[in-house]
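Structure first, commentary second.
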2 protein chains.
Amino acid sequence: MSEAIEVNSSPATLNKKELARQKSQAQILDAAETLFASHGYDGASMNAIATEAKVPKANVLYYFKSKDNLYEAVLERILSNWNLGLIDISVDDDPALSLYRYIHLKVRLACEQPQQSRLFATEVIRGAPYLADYIRQNTRPWFRKKVAVLQAWIDAGKITQVDPSHLLFMIWSSTQYYADYQTEILILQNKLEYEESDIEAITRSTAQLILGGLGLKLPESI
Amino acid sequence: MSEAIEVNSSPATLNKKELARQKSQAQILDAAETLFASHGYDGASMNAIATEAKVPKANVLYYFKSKDNLYEAVLERILSNWNLGLIDISVDDDPALSLYRYIHLKVRLACEQPQQSRLFATEVIRGAPYLADYIRQNTRPWFRKKVAVLQAWIDAGKITQVDPSHLLFMIWSSTQYYADYQTEILILQNKLEYEESDIEAITRSTAQLILGGLGLKLPESI
DNA sequence: GTCTATACAAGGATAGAC
DNA sequence: GTCTATCCTTGTATAGAC
């Protein structure tokens with residue numbers, strides 16, 4: 001119980017320490033996310049993470065027992081963030097509007113939090129040593145529910161007949177691509193970074209192609 | 001000059017040695033490609049590469065002067081292979097057929113040589129330290145030519161009005177996804193590996209959505 | 001609870017024997 | 001030209017001072 005600790009220090013002091021602790025941990029997690037994403041698990045040294053987080057090297061291992069542990073903590077934080085962005089569609093929803101919103105959300109995530117997508121990508125490319133179980137137990141049931149909804153839309157004649165799995169893969173791929181391959185895209189377009197207007201343009205083009213392929217039109221209310 | 005060497009050994013002996021040398025080099029390149037793709041640049045040790053290639057550790061550094069050098073050699077081999085698969089479209093071609101063929105080719109590459117796509121992905125995710133120049137000098141001019149062709153198709157009313165850059169990005173993303181995220185896709189579909197029939201199914205679904213989005217139909221001649 | 005100093009292993013690279 | 005043995009650096013992790 002945390003009350004037991006308060007005996008030896010004033011609530012104010014505890015608060016300060018507690019705040020400092022949380023701040024340090026957040027800084028470490030941020031730094032780790034950045035470096036794991038850009039240099040991979042082995043390429044990101046605990047030393048570099050500590051420097052980036054502006055904390056002494058040993059503190060990183062004090063807060064997170066090992067490098068493995070830190071890596072898992074970073075992944076968990078990303079997943080909890082991503083779960084907020086899971087599409088929530090049901091049979092009665094309007095396909096065009098639902099899919100447009102989902103694509104918009106995914107594009108925004110990819111452009112604004114590219115690191116998270118990249119870290120997820122490197123983990124999966126490695127064979128998902130840490131995430132395979134999670135995908136099996138959490139993502140797969142969710143995936144199957146959404147496939148069922150898409151199939152119901154097809155059966156009801158709301159969208160063109162197409163493999164629902166591949167439709168979902170296409171939405172994921174075409175949005176995450178802007179995070180994972182950002183470097184290449186920016187070079188090809190001779191740009192330094194994405195702008196707010198890019199997010200809209202990407203969403204529009206992507207949605208136009210996918211919705212068009214499903215026999216739908218872009219929602220006018222956007 | 002290589003003739004100078006032949007003086008001290010019979011042509012047959014030289015041939016044997018030359019063959020052994022080339023075989024060793026190829027084995028090392030294969031092993032390096034596999035390990036760089038699955039473990040990243042830092043995660044793949046020269047030791048592991050040597051073991052995988054079944055040659056003594058020091059030989060790897062004898063043939064390729066350094067780890068950097070080996071990594072570059074692997075990248076170059078991949079690029080020369082990929083350049084064979086660059087889309088070759090021109091204004092007079094039939095959009096539906098040309099794009100279908102290109103999608104088919106990219107899906108086949110992704111499913112049959114996933115390692116190459118994954119290694120390319122990790123390189124770009126890292127910020128393309130080795131490939132940035134190549135992309136700027138080779139891929140960008142090629143990219144611009146193809147964008148011009150797509151724009152000409154739009155101007156001629158052959159395909160729906162859509163941003164040509166994003167169209168190309170969507171083709172790349174939706175096909176390479178099956179290589180880069182193979183682990184996740186197989187788990188979600190509860191499969192062990194891709195089959196020949198998957199390549200056809202993926203091509204069909206992907207082409208159907210993209211061509212549909214462009215106001216085209218799947219070519220019947222396929 | 002925080003940080004310095006250090007142990008111990010692994011990796012890249014090289015020198016020199018064969 | 002090929003391989004063994006070794007050097008040096010870097011990385012993770014821990015022990016112990018403050």
Side-chain angles (χ1 to χ4, degrees), chain A residues 2 4-28 31-32 35-36 38-74 129-130, chain B residues 1-28 31-32 35-36 38-74 129-130:
Chain A
S2 59
I5 303 172
E6 275 189 49
V7 173
N8 286 331
S9 55
S10 74
T13 312
L14 183 71
N15 237 346
K16 258 190 190 170
K17 283 194 178 177
E18 178 67 14
L19 278 175
R21 201 181 63 87
Q22 289 196 356
K23 195 185 162 196
S24 279
Q25 288 206 4
Q27 282 175 334
I28 293 168
L35 290 171
F36 281 139
S38 59
H39 289 74
Y41 179 82
D42 296 281
S45 74
M46 297 296 268
N47 221 324
I49 292 171
T51 305
E52 173 84 17
K54 286 165 188 163
V55 298
K57 179 181 169 184
N59 291 26
V60 179
L61 278 156
Y62 171 72
Y63 288 125
F64 306 87
K65 289 176 301 191
S66 69
K67 189 181 185 179
D68 264 41
N69 214 42
L70 173 60
Y71 182 72
E72 276 196 75
V74 171
Y130 291 89
Chain B
M1 307 286 280
S2 60
E3 279 75 7
I5 302 173
E6 274 189 50
V7 172
N8 287 330
S9 55
S10 73
T13 312
L14 182 71
N15 235 345
K16 259 190 191 169
K17 281 194 179 177
E18 177 67 15
L19 278 175
R21 202 181 63 87
Q22 289 196 356
K23 194 185 162 196
S24 279
Q25 288 207 6
Q27 281 174 334
I28 293 168
L35 290 170
F36 280 139
S38 59
H39 290 73
Y41 178 82
D42 296 280
S45 73
M46 298 295 268
N47 224 324
I49 292 171
T51 305
E52 173 83 17
K54 285 165 187 161
V55 298
K57 179 182 169 185
N59 290 27
V60 178
L61 279 156
Y62 171 72
Y63 287 126
F64 306 88
K65 288 175 301 193
S66 67
K67 190 181 186 178
D68 265 40
N69 214 43
L70 174 58
Y71 182 72
E72 276 196 75
V74 171
Y130 290 88

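Each chain gets a letter, A, B and so on, in the order the sequences are listed, and its residues count up from 1.
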I'd like to check the side-chain contact (heavy atoms from CB on, under 4.5 Å) partners of [X]; sequence neighbours left out, ordered by chain and number.
X	result
B:L61	B:M46
B:S66	B:D68, B:N69
B:P56	B:N59
B:A53	B:Q27, B:I28, B:A31, B:V55

task = May I ask you to list the residues of residues 61-71 of chain A, by number, that have any heavy atom positioned under 4.0 Å from an atom of DNA chain D?
result =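 Residues of residues 61-71 of chain A under 4.0 Å from DNA chain D: A:L61, A:S66, A:K67.
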Of residues 39-53 of chain B, the positions that come close to DNA chain D - non-hydrogen atoms, cut-off under 4.0 Å =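 Heavy-atom cutoff 4.0 Å gives no residues at all.
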ask   = By ring pair (Phe, Tyr, Trp, His ring centres under 6.0 Å), which residues pair with A:Y130, not counting sequence neighbours?
value =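 So A:Y130 forms a ring pair (Phe, Tyr, Trp, His ring centres under 6.0 Å) with A:Y71.
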message = Under the rule for ring pair (Phe, Tyr, Trp, His ring centres under 6.0 Å), what residues qualify as partners of A:F64, not counting sequence neighbours?
response =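 Applying ring pair (Phe, Tyr, Trp, His ring centres under 6.0 Å) to A:F64 gives none.
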message = Looking at every non-hydrogen atom in both residues, tell me the closest pair between B:V60 and B:A50 and how far apart they are.
response =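 Closest approach of B:V60 to B:A50, heavy atoms only: CG2-CB, 3.7 Å.
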N/O contacts under 3.5 Å, protein versus nucleotides 5-9 of chain C?
none

task = Could you name each residue pair satisfying side chain to side chain donor-acceptor pair (under 3.5 Å) that touches residues 42-54 of chain B, not counting sequence neighbours?
result =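 Non-adjacent pairs meeting side chain to side chain donor-acceptor pair (under 3.5 Å): zero.
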message = Against the six-membered ring of B:F36, is B:K67 placed for a cation-pi contact (under 6.0 Å from the centre, within 45° of the normal)?
response =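 Negative - B:K67 is either too far from the ring of B:F36 or too far off its axis.
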key: Inter-axis angle, terminal five-pair segments of the helix from C:dG1-D:dC18 to C:dC18-D:dG1 [nearest 10°]   =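 Between the first-five-pair axis and the last-five-pair axis there is 10°.
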query = Taking atom P of C:dC3 as reference, at what distance in whole Å does atom CG of A:N59 sit?
reply =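 Taking CG of A:N59 and P of C:dC3, I get 4 Å after rounding.
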inquiry  = Taking B:L70's backbone N and O only, do any of them form a donor-acceptor pair with B:K65's side chain (distance below 3.5 Å, no angle check)?
reply    =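 No, the answer is negative, given that no donor and acceptor are paired below the 3.5 Å cut-off.
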